[in-house]
Every structure is written in structure tokens, then in C-alpha cells.
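Residues: numbered from 1 along the sequence shown.
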Amino acid sequence: MNDITKKSFLDSDRQEKIAINGAGPVGALLAVMLAKKGYHVDLFESRPDSRKTNIYQGKSINLALSDRGWKALNAVGLDEEIRQQAIPMYCRIMHDIEGNITKQPYGTEDQAIWSVSRSGINEQLIDLAEQEPQVKVHFGHRLVQLNFADNTAVYLNENHHQKIHESDLVFGADGAFSKVRRLMQELPKERISYSLDYMQQSYMELSIAANEDGSHKLEKNALHIWPRKDFMLIALPNIDGSFTCTLFLSHEGELSFASLNTKEKVTAFFHQYFAEAMQYLADPIEDFLSKTPSPLCLVHIYPWLVNDTIALIGDAAHAMVPFYGQGMNCGFEDCRVLAELVEQHDHQWSEILNAYQDERKENGDAIIELAKRNFIEMSDLAGDERFLLRKKIEAKFHKMHPELWIPLYSMVTFSPDIPYKTALHVGDIQQTIMDEIMQIPDIEVQWQQDHVYEKLHQLAQTALVNQLPEVK
């Protein structure tokens with residue numbers, strides 16, 4: 001028996017039974033990964049099966065898949081299949097209020113983030129989970145009770161009948177408004193710190209239809225942004241030639257979803273701020289008036305564990321705003337790290353879960369902070385000439401000294417082996433360095449001169465190499 005066959009045989013004999021609450025992308029991926037480790041997994045989802053009913057209608061925001069997500073999908077052999085249904089976006093295209101266009105590459109010429117359908121990737125992962133003989137998926141089962149002493153859960157099915165389920169381990173992969181998390185918070189003896197913060201902005205989905213021949217009305221391989229400082233419109237491409245658009249706007253206030261409450265006001269708003277986009281958008285006025293905006297929230301909680309047998313994962317542990325495109329990527333990375341820890345700690349779950357919490361909590365907090373900051377970059381700075389110059393200088397210096405300087409966006413998006421917490425820390429140092437570089441007299445004219453990069457190298461050597469040798 002070779003090592004691979006022997007290992008597979010041993011892994012197939014695990015006795016622990018695991019319940020995962022939430023069959024979204026993270027829960028479904030976790031089920032696959034744990035089943036491949038030999039565990040019996042029951043995957044519970046309160047909603048009906050989206051493959052049979054269109055439960056995503058109205059909430060089908062596209063997701064941006066980047067290297068952290070691809071690394072996790074590669075671990076279960078699904079990356080190439082999903083890539084066939086995804087569109088690479090190599091740059092941002094900013095549309096200013098006069099209709100002028102500016103492009104900003106995300107990384108090097110071959111680096112892209114990928115537009116994927118939320119429902120599409122979820123259904124592919126559920127299909128994969130159902131192919132695992134040790135996974136059983138239960139749709140239409142809503143968690144109502146969870147006994148934290150013995151991990152017994154009570155569910156109500158679609159017919160309002162109770163189902164009692166016992167398991168050895170429980171994961172809450174049930175999103176930003178997690179039921180598992182809420183039940184954890186009610187435990188009288190647990191010292192659980194928790195916050196859910198709403199951003200000033202909410203969001204609403206709009207759309208751009210394909211041309212009659214099925215082609216895209218805007219450049220296909222780009223994420224389009226109409227930045228308007230306190231609000232913005234974005235568009236991500238779909239494989240059918242359409243774009244999924246999202247309007248981010250204050251929930252309340254002088255110019256907000258709440259104040260735009262008549263057809264006349266909404267019409268004036270779109271024509272004033274998105275005149276160029278109006279030639280592409282499909283019925284934006286009617287869409288706006290018929291839909292309810294959805295909230296944007298950030299979740300912090302600690303601990304993520306109860307009794308070393310119940311744990312949170314994905315948005316249930318660290319919901320973030322979508323402005324870095326890392327929500328799903330971070331959740332997928334949670335799954336990959338957890339699966340690797342299973343092997344490192346030889347299936348000893350108390351050790352695994354505590355190591356998982358230690359590894360992922362700081363990184364979750366870091367990407368929540370980075371995502372919140374990136375709203376300002378996308379909605380305000382992305383069209384600013386000095387900001388774009390700053391990015392050009394960074395990109396050139398990165399080419400000159402790739403071992404010394406990796407731009408923050410590249411650390412987060414294209415460097416899956418750099419922890420989020422390291423990216424945040426290094427990024428703050430880089431920000432200070434670049435603030436000084438941008439103060440060089442006539443930097444707009446001088447930016448390609450050698451003395452600029454000599455000074456940048458000197459500052460980077462002192463601040464980054466000495467303090468953060470792991471960036472070398």
C-alpha cells in the first residue's frame with residue numbers, strides 16, 4: 001500500500017461527526033474539505049436549494065475571486081472548473097462625472113481579480129459536496145436551538161417539523177447575521193465580546209444588459225467604477241454579456257436612499273451624477289424605486305470558540321464590507337487554514353480549533369479594517385491625479401525592487417502567503433514612506449527621475465527591511 005492510499009484509508013475512518021450551519025460558499029467548501037479528511041459532515045441550510053428555486057434573485061451581487069480564494073479552490077480541485085465560468089478583470093476603469101475614463105491596473109499585466117456569480121460558485125461547491133459520500137446536505141432546515149453542553153441542535157424544516165441532530169463538532173458558517181453566533185452570545189458564563197457596526201452606506205443592485213449580439217456594452221475585462229466621493233456605482237462583468245452593478249449610497253441623510261423617495265428625485269439624481277452610465281443601465285429609475293437597499297456591516301467577535309467544539313468561520317466570525325473584494329476569499333482562506341491545521345495537529349480538535357482561532361482572528365480584524373479603508377480609495381481617491389501618480393511610483397519601484405516593496409493591494413490580493421495582518425502593518429509603513437515621497441518638490445514632473453527612487457529605496461531599506469525582515 002503506497003503512502004497516498006494508506007493515508008486515504010486512514011482518513012476515511014474518522015469517527016467524529018461534524019455539523020456545519022450555512023451552505024453558502026464557505027460552508028459548502030468547508031464540508032468538502034472536512035469530508036476529504038475522512039469526517040462525516042451534515043451541512044444545514046435554512047433556505048431552499050437554490051438549484052431548484054431562484055433564492056438569489058435581488059441579492060446576486062457578483063464576487064471578486066482572487067489568489068487566496070483560488071488557492072483554497074485548488075486544494076479541492078475545483079479551481080479550473082470555476083475559472084471556466086469567471087471573467088478576469090485586469091484593471092479598474094474609473095468614469096468621472098464628465099464621462100472621462102481612467103484605467104488603473106490591479107497588478108502586473110497578467111494579474112487579475114475574477115468576477116464570479118455568487119449563486120454559480122455556491123451551486124458548484126454544493127454539487128461537489130454532494131459528490132462526497134460522507135456529506136449530507138439538509139436544505140430548508142432552520143436552526144432554532146443549540147445545546148452547547150452536548151452539541152445537540154434543534155432545526156425546523158420547511159414543514160415546521162422539528163429535527164434533533166447530535167454532532168461532535170459544530171461550525172457556524174451562517175453569515176453576517178449568524179444564528180450560531182447569536183446563540184453563543186446568550187451563554188451566561190461565556191465572556192464573549194461582540195460588535196456589529198453598520199456603515200453609513202447601504203447598497204442596491206442594478207444591471208446593465210448585454211448587447212443584442214451578447215457582447216458587453218463596456219470593456220469586459222475590467223471592474224468599472226463611477227466614483228462620487230461619498231457614494232459610487234460599480235459594475236462587474238458576467239459571462240452572458242451583462243454587468244452586475246451595485247450602487248453604494250448613504251442610507252439616510254441629505255443625499256441618500258431615504259431622501260430619494262420620488263421618481264423625480266431619483267431621475268434627477270441619476271442624470272446629475274451618472275449621466276454617462278445612463279446610456280448603459282437597464283431601467284435604473286424603476287429598479288431603484290422597486291428595491292429596498294441592503295445594509296453593509298462589520299462584525300467583530302471574540303472568542304470564536306465555545307468548549308473547543310463549536311466554532312465560527314467566514315462572515316459569522318468576521319463580516320466585512322465588500323470594498324476589498326475579500327469577504328469570500330477570506331472565508332475560503334479560513335477553510336484552507338483549518339484543513340491544514342487538521343493535519344498539523346493530527347486530528348486533535350481542541351488543538352486544531354485553538355490554533356485556528358489564534359491564526360485567523362488577527363487576520364480577520366486586519367482585513368475588516370483594510371476593507372473599510374478601501375471605500376475611500378474606490379469612491380474618492382481612485383480618480384484623483386495625485387493618487388494615481390502615487391500608484392505609478394509604487395508600481396515602478398516594485399518592478400525595480402520586488403523583494404523589498406510589494407504594493408498593499410498586491411499583498412492583499414495576489415500574495416496568499418502574506419497574512420492580512422502583515423499586509424496591514426507593512427501597508428501602514430508604506431503609506432508613511434509614500435507621504436514623504438509625494439512631498440518632493442515638483443513630484444508630478446520629477447517622478448521618473450533617479451533621485452526619487454534613490455530616496456524611496458533609502459526609506460524602504462530603513463523602515464521595511466530592518467523592522468520586517470520577512471518581507472525580504
Side-chain angles (χ1 to χ4, degrees), residues 56 58-64 92-97 104 113 115 118 175-177 195-208 223-236 243-262 265-278 281 284-285 287-300 315 318-331 364-384 387 409 412 424:
Y56 280 98
K59 294 202 69 167
S60 58
I61 283 185
N62 284 35
L63 300 168
R92 295 171 174 168
I93 294 183
M94 281 74 69
H95 303 248
D96 73 15
I97 201 162
Q104 181 190 335
I113 59 175
S115 176
R118 176 193 294 270
F177 299 98
S195 69
L196 186 151
D197 300 312
Y198 288 95
M199 279 198 72
Q200 176 184 337
Q201 292 79 16
S202 293
Y203 71 89
M204 179 181 289
E205 185 176 287
L206 305 172
S207 63
I208 294 173
L223 190 155
H224 294 262
I225 307 175
W226 289 261
R228 302 296 182 260
K229 194 170 183 178
D230 295 323
F231 57 96
M232 66 176 171
L233 178 71
I234 68 171
L236 279 74
F243 283 83
T244 300
C245 304
T246 310
L247 174 65
F248 298 97
L249 178 67
S250 292
H251 191 76
E252 297 177 326
E254 184 176 348
L255 185 59
S256 65
F257 283 113
S259 69
L260 297 174
N261 52 15
T262 68
K265 289 180 181 178
V266 175
T267 301
F269 167 75
F270 275 97
H271 281 286
Q272 179 177 352
Y273 293 105
F274 302 112
E276 180 237 357
M278 288 294 286
L281 289 164
I285 313 302
D287 261 6
F288 187 100
L289 292 168
S290 65
K291 292 180 177 179
T292 301
S294 299
L296 294 168
C297 59
L298 306 92
V299 168
H300 292 87
D315 281 355
H318 48 61
M320 66 196 71
V321 289
F323 305 122
Y324 232 117
Q326 287 296 305
M328 180 178 65
N329 290 286
C330 182
D365 288 345
I367 190 56
I368 288 171
E369 174 62 24
L370 286 166
K372 184 169 65 173
R373 292 183 190 180
N374 215 46
F375 175 75
I376 298 171
E377 178 169 322
M378 291 179 70
S379 65
D380 188 9
L381 299 178
D384 179 79
F387 174 80
Y409 190 89
V412 171
L424 175 61

Close side-chain approach of [X] and [Y], heavy atoms under 4.5 Å:
{"X": "L249", "Y": "L260", "value": "yes"}
{"X": "C245", "Y": "I234", "value": "no"}
{"X": "M320", "Y": "K372", "value": "no"}
{"X": "V299", "Y": "F177", "value": "no"}
{"X": "W226", "Y": "M232", "value": "no"}
{"X": "M199", "Y": "C297", "value": "no"}
{"X": "T267", "Y": "F288", "value": "no"}
{"X": "H251", "Y": "S256", "value": "no"}

Query raised in the report: Within a radius of less than 6.0 Å around NE2 of H300, do more than 12 heavy atoms belonging to other residues, nucleotides or ligands occur?
Result: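 Check passes, neighbour count above 12.
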Requested in this report: Begin with the C-alpha distance, continue with both residues' side-chain angles, and end with the deciding distance and a verdict on side-chain contact (heavy atoms from CB on, under 4.5 Å) for L370 and V412.
Outcome: CA-CA 9 Å; L370 286 166; V412 171; 3.9 Å; yes
For a quick test of reading the model, state the closest non-hydrogen atom pair linking [X] to [Y] and the distance between them.
{"X": "A176", "Y": "D315", "value": "N-CB, 3.7 Å"}
{"X": "E254", "Y": "S259", "value": "O-OG, 3.0 Å"}
{"X": "I113", "Y": "A64", "value": "CD1-CB, 4.2 Å"}
{"X": "L206", "Y": "P284", "value": "CD2-O, 4.2 Å"}

Hey, what do you get for [atom1] ([X]) to [atom2] ([Y]), rounding to the nearest 0.5 Å?
{"X": "E205", "Y": "T244", "atom1": "CD", "atom2": "OG1", "result": "5.5 Å"}
{"X": "Q326", "Y": "N329", "atom1": "CD", "atom2": "CG", "result": "4.5 Å"}
{"X": "I208", "Y": "L281", "atom1": "CD1", "atom2": "CG", "result": "5.0 Å"}
{"X": "L298", "Y": "S195", "atom1": "CG", "atom2": "OG", "result": "8.0 Å"}
{"X": "H224", "Y": "R92", "atom1": "NE2", "atom2": "CZ", "result": "13.5 Å"}
{"X": "Q272", "Y": "I97", "atom1": "CD", "atom2": "CD1", "result": "6.5 Å"}

Query raised in the report: Does D197 have any side-chain hydrogen bond (donor to acceptor under 3.5 Å, both in side chains) partners at least two apart in sequence or in another chain, and if so, which?
Result: none
Query raised in the report: Can you list the residues that meet the side-chain hydrogen bond (donor to acceptor under 3.5 Å, both in side chains) rule with D287, with sequence neighbours excluded?
Result: none
Report task. Report the C-alpha distance between M204 and S294 in whole Å, list the side-chain angles of each, state the deciding distance to 0.1 Å, and finish with yes or no for side-chain contact (heavy atoms from CB on, under 4.5 Å). Result -> CA-CA 6 Å; M204 179 181 289; S294 299; over 6 Å; no
Requested in this report: Report yes or no: do S250 and Q201 form a side-chain donor-acceptor pair below 3.5 Å?
Outcome: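 Q201 and S250 do not have a side-chain donor-acceptor pair below 3.5 Å.
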Query raised in the report: Do the two ring centres, one from F323 and one from F248, sit under 6.0 Å apart?
Result: yes
Requested in this report: Compute the ring centroids of Y203 and F231, then answer whether they are less than 6.0 Å apart.
Outcome: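 Not close enough - the centres of the two rings lie 6.0 Å or further apart.
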Query raised in the report: Going by the angle between their ring planes, with limits at 30° and 60°, are F274 and F269 parallel, tilted or perpendicular?
Result: perpendicular
Query raised in the report: Should L223 and F243 be marked as a side-chain contact (heavy atoms from CB on, under 4.5 Å) after you check the CA-CA gap, both sets of side-chain angles, and the distance that decides it?
Result: CA-CA 10 Å; L223 190 155; F243 283 83; over 6 Å; no
Query - Audit row: L247, K291, side-chain contact (heavy atoms from CB on, under 4.5 Å) steps and yes/no - result: CA-CA 12 Å; L247 174 65; K291 292 180 177 179; over 6 Å; no
